[in-house]
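Pasting in a structure now, in structure tokens, and then I'll have a few things to ask.
Quick caveat: nothing in here was measured; it's all calculated off a predicted structure. In each ligand, atom 1 is the first atom listed, and ligand 1 is the first ligand listed.
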Amino acid sequence: MDKGTLLIHNGHDMDPLTGALGVTVYQTSTFYRKVITEMQEFDYSRGGNPTRKALEETIASLEGGAKGYAFASGMSAISSVLGLLAAGDHVVIAEDVYGGSRYILETFYRRWGLEMTAVDTSDPQNILKAIRPNTRALYLESPSNPLLKITDLSSCIAAAKERGLLSIVDNTFMTPYLQQPLKLGADIVVHSATKFLGGHCDVISGLAVTATEELGRQLYQIQNSFGAVPGPWDAWLVMRGIKTLKARMDMQQATAGKLAEWLAAREDITAVNYPLLPGHPGRDIHLAQASGGGAMLSFKTKTTEQALGFYKKVRLATAAPSLGGVETIASYPVKMSHINMPAAERERMGISDNLVRISVGLESAEDLTADFDQALR
Ligand SMILES: *Cc1c(COP(=O)(O)O)cnc(C)c1O
């Protein structure tokens, strides 16, 4: 079936009891125990809630996985997944993943005995060089944040599999509508559902999908024990957002493509990062593993002053962290998503003071370019 159809007919399009369209919000913490000696599916909402379950089954089917789990945020999904690893294990991580993911590995998980090496995964050789006898997992994100670098997911995952590593992919930027990492061999996909899946900047939520039932069982123990779960209203909001994902993503990425081309033609812009832009080094690989360019792009202005002036003058893009909403958002990676990264490391990677990251919304391309034009002057 077409992915757009599956977004609507996800198995939870109607409440079986009343015929209400969509899933019901089960705002309850606990459930009547019918037979006092017997465990039942819904017992206590940390362990399971029908609204959350609908979201979990929906994301599992969209990603083509065995089991899906919903969390209170993208970060709690990611930290719960990393909880599958043990002290003494080593993780190889893409160097320009979401700042928070790298931060928890470099601080808390390091303190608890998990080792990590960050490498540029756009060259798979770097992954092979970083693997040690105690390496247990490979953590990837493609396109990366905020530079939109492309990692060849299939070949990196295949190399990881050969060495018995768990492959984890953050699929937030693409969503399962455009890219399905489990089909490329990954073991676990994680999401910040706060972004394109929720789609309206009105909820913080996270998701994880496992390729196998067994990994799902292990992750469920973590979800239920640590309890970083979303409430039913948040799960419901993400479910509602998912229904319009195709419509939003199709329009947002079409506009992103136009905006990227328009920026690339300007002589006061020194770099534009968008996966489908001719000349993007990862373009062919991206097209082989995803069905669209997505709605994220970043660019560099000639000077830092010009970038700072852009945030001040731009009217149709909100200067804010986050992404994936219906409104265009201009974020400033050095002072937002990557603020915890040492400045020298940021500079080496190209996350510089003149880098602007754009999440393209549903405004018209013509209005956005006219507004960006006045803001860049
Ligand atoms: C926002 C984001 C996260 C973190 O998710 P939260 O919902 O903010 O906790 C993780 N990965 C990526 C790619 C993100 O954009």
Practice problem: Return the residue, atom name and 0.1 Å-rounded distance of the protein heavy atom closest to atom 11 (N) of ligand 1. | Solution: Asp170 OD2, 2.7 Å
Quiz item: Do the non-hydrogen side-chain atoms of Val189 and Leu207 ever get within less than 4.5 Å of each other?
Solution: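 A side-chain contact is absent here, since even the closest heavy-atom pair is not under 4.5 Å.
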Quiz item: Quick one: which ligand 1 atoms are inside 4.0 Å of a heavy atom on Ile78?
Solution: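 The atoms of ligand 1 under 4.0 Å from a heavy atom of Ile78 are 10 (C).
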Quiz prompt | Distance from atom 15 (O) of ligand 1 to nearest protein heavy atom, with residue and atom | solution =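 Answer, as residue, atom name and distance: Lys195 NZ, 2.8 Å.
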Self-check item: Enumerated ligand 1 atoms positioned under 4.0 Å from heavy atoms of Ser73
Solution: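 Counting atoms of ligand 1 from 1, those under 4.0 Å from Ser73 are 7 (O), 9 (O).
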Quiz item: Below 3.5 angstrom, do we get any N/O pair linking Glu141 and ligand 1?
Solution: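 For ligand 1, there is no N or O atom that lies under 3.5 Å from one belonging to Glu141.
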Exercise. Return yes or no for this condition: an N or O of Ile204 is under 3.5 Å from an N or O of ligand 1.
Key: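 By distance alone, the answer is no.
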Quiz prompt | Ser322 contact mode with ligand 1 (heavy-atom cut-off under 4.0 Å) | solution =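 Neither part.
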Exercise. Among all protein heavy atoms, pick the one closest to atom 9 (O) of ligand 1 and tell me residue, atom and distance.
Key: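 Of every protein heavy atom, Met75 N, 2.8 Å lies nearest to atom 9 (O) of ligand 1.
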Quiz prompt | side-chain hydrogen bond (donor to acceptor under 3.5 Å, both in side chains) partner of Asp268, chosen from Gln306, Lys302, Arg377 | solution = Gln306
Exercise. Using modelled atom types only, decide if a donor and an acceptor are shared between the side chain of Glu345 and the backbone of Pro342 within a distance under 3.5 Å.
Key: no
Self-check item: For Ser205, the ligand 1 atoms whose distance to one of its heavy atoms is below 4.0 Å
Solution: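 The atoms of ligand 1 under 4.0 Å from a heavy atom of Ser205 are 7 (O).
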Exercise. Would you kindly say whether Asn224 and Gln221 are connected by a side-chain donor-acceptor distance under 3.5 Å?
Key: no
Quiz item: Tyr311 and Tyr332: aromatic ring centres closer than 6.0 Å?
Solution: yes
Quiz item: Can you find an N/O atom of Ser76 closer than 3.5 Å to an N/O atom of ligand 1?
Solution: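 No: no nitrogen or oxygen of Ser76 is under 3.5 Å from one in ligand 1.
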Quiz item: What part of Val190 sits under 4.0 Å from ligand 1 if we count only heavy atoms: the side chain, the backbone, both or neither?
Solution: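 The answer is neither; Val190 stays 4.0 Å or more away.
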Self-check item: Per-atom contacts of ligand 1 with Gly74, taking only distances under 4.0 Å to non-hydrogen atoms
Solution: 5 (O), 6 (P), 7 (O), 9 (O)
Self-check item: Heavy-atom nearest neighbour in the protein, as seen from atom 4 (C) of ligand 1, with distance rounded to 0.1 Å
Solution: Tyr98 CE2, 3.4 Å
Quiz item: How about Tyr98 and Phe173: are their ring centroids closer than 6.0 Å?
Solution: no
Quiz item: Quick one: are the ring centres of Phe372 and Phe310 less than 6.0 Å apart?
Solution: yes
Quiz item: ligand 1 and Ser192, any nitrogen or oxygen pair closer than 3.5 angstrom?
Solution: yes
Quiz item: With distance as the sole test, does Lys67 use its side chain to make a donor-acceptor pair with the main-chain N or O of Glu213 at under 3.5 Å?
Solution: no
Quiz item: Just heavy atoms, cut-off under 4.0 Å: does Leu323 contact ligand 1 by side chain, backbone, both, or neither?
Solution: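 Side chain only; the backbone of Leu323 stays clear of ligand 1.
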Practice problem: Using only heavy-atom distances, determine whether the side chains of His12 and Thr58 contain a donor-acceptor pair under 3.5 Å. | Solution: no
Exercise. Quickly, which of Arg348, Arg346, Arg102 forms a salt bridge (Lys or Arg N to Asp or Glu O under 4.0 Å) with Glu95? Name it, please.
Key: Arg348
